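Step one of this worksheet: look at the structure below.
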Amino acid sequence: DVISLAVGDPVEPTPEAVVEELCRQAHKPENHRYPTDEEKGMLAFRQAVADWYADRYSVSLDPETEALALIGSKEGCHHFALAVVDPGDIVLVTDPGYPGYRPSIWFAGGEPYSLPIRPDNGFLPRLEDIPAEIVKRATAIYLNYPNNPTGAVATRDFFKELIEFAGKNEIAICHDNPYSEIVFEGEEPLSLLSLPGAKEVAVELNSLSKPYNMAGWRIGMAVGNPQLIAAMSKMKANTDSGLFNAIQFAGITALRECRDNVEKMLSLYRRRRNLVVETLNSLGWNYQPPPGTFYLWIPTPGGMKSRDFVTMLFDKTAVVVPPGSAYGQYGEGYFRISLTVSDERLTEAMERFKNSLKI
Ligand code: PLP
């Protein structure tokens, strides 16, 4: 009876209003044709995205030129690389980091360069430590705060520094922000685009997967710099033909009407975090949860190698967790727990931890 705490894929259903809207729109023959505004997404969806950004992050966007519908933020990560990176370019990525970026950089012929992120700097990269010859060759940077896998959030000061660094060195920023809504006490939901100058140098990706439990629907958005949006849109127009209109209509319902789902999920994740933290601390850890995401990034006991620890954990408890080293060399010495399983399964996993682990 294996329990997987490995992936960030909410098990709770999509809000009922969203499912209803999909059904209603799916019955309309006009939605059975190729999507409206194939390469950019329906204007009504882009308008809903602009309104959501204004409401949630005080960011003003022109839905005509500064917003693009995506088949999930992962697709945006890929098209960003194809649009921006030339063969031989260096692309900066945090390490540990979301594993999706590197393959897209490789597909574009680029060369990923790891920026270590460590607890002593709040899991933020030190931009001043990047060697000058690397900065010179770099054309893009991927970041993601609230961060998968560490759960760290960015500060406004760091974002300011990043924008300045990118402007000065002509580096395009892809801020991948699908966890923007998943932050806990004392943290503000933050968009990079709310900082002055961000739109000159950055696109931000976002997603309906996590806040609205819509991972399987494949819907998200890119917003920000109009030239970058246009370049991504050109790549998309030559690759896919956009999203099913009915899904975009359902996405509008999520963005406009389902705030309560986000609040509900946050209270569930808060409860689950507490359960894991109490369990770990009762076993001898001294662990503080991170401020964002539904992941817990936890040091292995006694400095054990990540893979050795997760293998031992699996052998003793039949609970699957990813080793930190799967997210990059600087993830060594950690493992990650995702809180997107049911309360019942998480409770069972924690019972097994209590019965089998003592550090
Ligand atoms: N970016 C990050 C950092 C993620 O953690 C994930 C999914 O876990 C994605 C992108 C993919 O999200 P989407 O479902 O919007 O494609």
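The figures that follow rest on heavy atoms only: side chains count, while hydrogens, waters and symmetry mates do not. Read the numbers this way: they start at 1 and go in the same order the structure lists the ligands and their atoms. What you see is a predicted model, and the numbers here were worked out from it, not measured in a lab.
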As a quick check of understanding, evaluate side chain to side chain donor-acceptor pair (under 3.5 Å) for Arg336 and Asn148, giving each step before the final call.
CA-CA 9 Å; Arg336 195 192 75 176; Asn148 174 13; 2.7 Å; yes
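- Near Ser209, with a cut-off below 4.0 Å to any heavy atom, the atoms of ligand 1 are 13 (P), 14 (O), 15 (O).
- An N or O contact shorter than 3.5 Å is missing between Glu75 and ligand 1 by distance.
- Asn121 places no side-chain N or O within donor-acceptor distance of the main-chain N or O of Phe123, the cut-off being under 3.5 Å.
- A cation-pi arrangement is not found for Arg24 relative to Phe249, the charged atom failing to lie both closer than 6.0 Å to the ring centre and inside a 45° cone about the ring normal.
- Looking from atom 12 (O) of ligand 1 to the surrounding protein, the closest heavy atom is Ser73 OG, 3.3 Å.
- When hydrogens are left out, the protein atom nearest atom 16 (O) of ligand 1 is Arg218 NH2, 2.7 Å; that is the closest non-hydrogen contact.
- The closest approach between Pro178 and ligand 1 falls below 4.0 Å for a heavy atom of the residue.
- For ligand 1, the atoms lying closer than 4.0 Å to a non-hydrogen atom of Lys74 are 11 (C), 13 (P), 16 (O).
- Of the protein's non-hydrogen atoms, Tyr98 OH, 3.5 Å is the one closest to atom 11 (C) of ligand 1.
- Between Leu346 and Arg271, the closest side-chain pair of non-hydrogen atoms is not below 4.5 Å.
- For the pair Asn144 and ligand 1, the shortest N or O to N or O distance does not fall below 3.5 Å.
- Using cut-offs of 30° and 60° for the angle between ring planes, the Trp297 and Tyr334 rings count as parallel.
- Counting only heavy atoms of the protein, atom 5 (O) of ligand 1 lies nearest to Tyr179 OH, 2.6 Å.
- Classified by interplanar angle (parallel below 30°, tilted 30° to 60°, perpendicular above 60°), the ring pair Tyr101/Tyr98 is perpendicular.
- Between Phe309 and Phe335, the ring-plane angle classifies as tilted under the 30° and 60° cut-offs.
- Note: His175 and Phe159 have perpendicular aromatic rings, judged against thresholds of 30 and 60 degrees for the angle between ring planes.
- The atoms of ligand 1 that sit less than 4.0 Å from any heavy atom of Ser207 are 13 (P), 15 (O).
- Here the heavy atom of the protein found nearest to atom 8 (O) of ligand 1 is Lys210 NZ, 2.7 Å.
- From the protein, the heavy atom lying nearest to atom 2 (C) of ligand 1 is Asp176 OD2, 3.4 Å.
- The only member of Glu75, His78, His79 that meets side chain to side chain donor-acceptor pair (under 3.5 Å) when paired with Ser104 is His78.
- Using 4.0 Å as the threshold, Tyr101 has a heavy atom nearer than that to some atom of ligand 1.
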